[in-house]
Amino acid sequence: DHETFIPLGIVEGKEPGPTLAVLGGVHGSEYSAHEGAARFWASLDPEELSGKVFVVLAADVEAMCGHSLYINPVDDKNLNRVWPGKADGTLTEVIAYTITEEVVKKADAVIDCHGGEFDESISLFIITHSVGDEELDQRNLDLAMALGMPFVEVTDAYGAFLGTGTGSGEAMKGGRPGITLEAGGRGLEEEFYVSATYNSLQNALYHMGIKEGEPVLWAGKPVKLDHGVILKTTKGGIYRPAVEVFQWMEAGDLFARVMDLDGVTVLEEIRVPEAGTVLDVISARAIRAGGFAGKIGVI
């Protein structure tokens, strides 16, 4: 058995209104996202709000304090792949279940704050979902486009990847808008990405009517992507990306190379199959065969 805790902030506005749930700290080293959610929590004034806001400041305390990438170090499970969790499951599953019951089910919308971990650089984009309910899907897309992030990717909430088991995907299945913010990475707490998370959460308050005001599209009008393309390796070795986030790529452009451990011999060149913008790129020195190399967004 292992005990943990979940720091949760709750603010009730002076007037009734909708409820927003913000999830922070689902992964251990997504520091800009952690700070953005914490700064958002510190900014909340009940006198300015109509409704309620839940802010989970550290969903996975063990991963954060243990400097663990992607997984909880106690049971080796990824919290963003086990939602809605299990009451009698392993530690990560119990964390997901508890947050689902005590926070997600009490909210009208859920925003999960993420970024890249130590080994990953991420630009600014939203991953959200569709469930086949026209009214809910539209409400969800309207919220996503109001947050101000440059790119919005809509995936199938029932899909095996970036759908089932994710916090935002399972929120959608439960009948409420669910959104994942992606900002920053590389184990850095950078103001550009902290502010991006903070500004998006403020826009959620405006859009939902919890706070008076209109969303500010601080990064310009958001673009709804046609789809995302995941790039993977077939060889393992030294990893040398040839791109940076936000970079535009044409079909066939070089994304990265995998080198032999001598650092000289090229084992593999990864090229993009379609034109798009770089959303995500691994920044670690080495990579396994079949490893995630990065992602582009196709407009």
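Hydrogens, waters and symmetry mates are skipped; everything else that's a heavy atom, side chains included, is used. If you read the sequence from its start, that first residue is 1, and numbering goes on from there. Please read all numbers here as calculations on a predicted model, not as lab measurements.
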Is any side-chain heavy atom of [X] less than 4.5 Å from a side-chain heavy atom of [Y]?
X: Phe40; Y: Glu35; answer: no
X: Glu268; Y: Thr233; answer: yes
X: Val55; Y: Leu8; answer: no
X: Phe54; Y: Leu20; answer: no
X: Thr98; Y: Ile6; answer: yes
X: Met249; Y: Phe255; answer: yes
X: Tyr198; Y: Asn203; answer: no

Single hit among His34, Glu182, Glu30 for side chain to side chain donor-acceptor pair (under 3.5 Å) with His114: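 By the side chain to side chain donor-acceptor pair (under 3.5 Å) criterion, His114 pairs with just one of His34, Glu182, Glu30: Glu30.
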Other residues, nucleotides, ligands: >12 heavy atoms within 6.0 Å of Arg271 CZ: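 Yes.
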Atom OH of Tyr206 with >12 non-hydrogen neighbours under 6.0 angstrom: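 Count over threshold, so yes.
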Heavy-atom pair with the smallest gap, counting every atom of [X] and [Y]:
X: Arg257; Y: Glu269; answer: NE-OE2, 3.1 Å
X: Val278; Y: Ser123; answer: O-OG, 3.8 Å
X: Met145; Y: Lys224; answer: CE-N, 4.2 Å
X: Asp108; Y: Met208; answer: CB-CE, 4.2 Å
X: Ser283; Y: Ser121; answer: OG-N, 4.2 Å
X: Trp83; Y: Asn80; answer: NE1-OD1, 3.5 Å

Is Lys77 salt-bridged to Glu93, going by a charged N under 4.0 Å from an acidic O?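 A salt bridge links Lys77 with Glu93.
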Is the shortest distance from a Lys or Arg side-chain nitrogen in Arg81 or Glu170 to a carboxylate oxygen in the other one below 4.0 Å?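 Salt bridge absent between Arg81 and Glu170.
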Working for side chain to side chain donor-acceptor pair (under 3.5 Å), residues Thr90 and Asp75: CA-CA 7 Å; Thr90 66; Asp75 62 6; 2.7 Å; yes
Short side-chain donor-acceptor distance under 3.5 Å, [Y] and [X]:
X: Ser130; Y: Asp137; answer: no
X: Lys211; Y: Ser50; answer: no
X: Glu274; Y: His227; answer: yes
X: Ser29; Y: His67; answer: no

Following the transitive rule for hydrophobic clusters with a side-chain heavy-atom cut-off under 4.5 Å over Ile, Leu, Val, Met, Phe, Trp and Tyr, establish whether [X] and [Y] coincide in one cluster.
X: Leu201; Y: Ile122; answer: yes
X: Leu181; Y: Leu57; answer: yes
X: Phe125; Y: Leu217; answer: no
X: Ile282; Y: Phe246; answer: yes
X: Val194; Y: Leu44; answer: no

Applying side-chain contact (heavy atoms from CB on, under 4.5 Å) to Leu69 and Asp119, what does each step give before you reach the verdict? CA-CA 8 Å; Leu69 279 70; Asp119 63 344; 3.7 Å; yes
For Glu212, which residues count as a side chain to side chain donor-acceptor pair (under 3.5 Å) partner, sequence neighbours excluded?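 Glu212: no side chain to side chain donor-acceptor pair (under 3.5 Å) contacts found.
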Would Leu147 and Ile111 satisfy side-chain contact (heavy atoms from CB on, under 4.5 Å), going step by step from the backbone distance to the final call? CA-CA 10 Å; Leu147 298 187; Ile111 299 179; 4.2 Å; yes
Any chance you could lay out the ring pair (Phe, Tyr, Trp, His ring centres under 6.0 Å) test for Tyr70 and Phe292, step after step, and finish with the verdict? CA-CA 13 Å; Tyr70 304 104; Phe292 173 74; 8.8 Å; no
Please determine which of Leu162, Ile127, Val26 meets the side chain to side chain contact (heavy atoms under 4.5 Å, CB included) test together with Thr180.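 When Leu162, Ile127, Val26 are each tested with Thr180, the side chain to side chain contact (heavy atoms under 4.5 Å, CB included) holds only for Ile127.
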If we check side chain to side chain contact (heavy atoms under 4.5 Å, CB included) with Ile179, which of these qualifies: Leu143, Asp112, Val110?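 Among the candidates, only Leu143 passes.
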Going through the distances and angles, do Val272 and Val229 end up as a side-chain contact (heavy atoms from CB on, under 4.5 Å)? CA-CA 8 Å; Val272 297; Val229 177; over 6 Å; no
Working for side-chain contact (heavy atoms from CB on, under 4.5 Å), residues Asp60 and Thr4: CA-CA 9 Å; Asp60 194 339; Thr4 189; 6.0 Å; no
Spacing of Met64 atom CE and Asn72 atom CG [to the nearest 0.5 Å]: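 Between Met64 CE and Asn72 CG, I get 12.5 Å after rounding to 0.5 Å.
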Report yes or no: does Ser32 contribute a side-chain atom to a donor-acceptor pair with the main-chain N or O of Leu188 at less than 3.5 Å?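 Yes: the side chain of Ser32 pairs with the backbone of Leu188.
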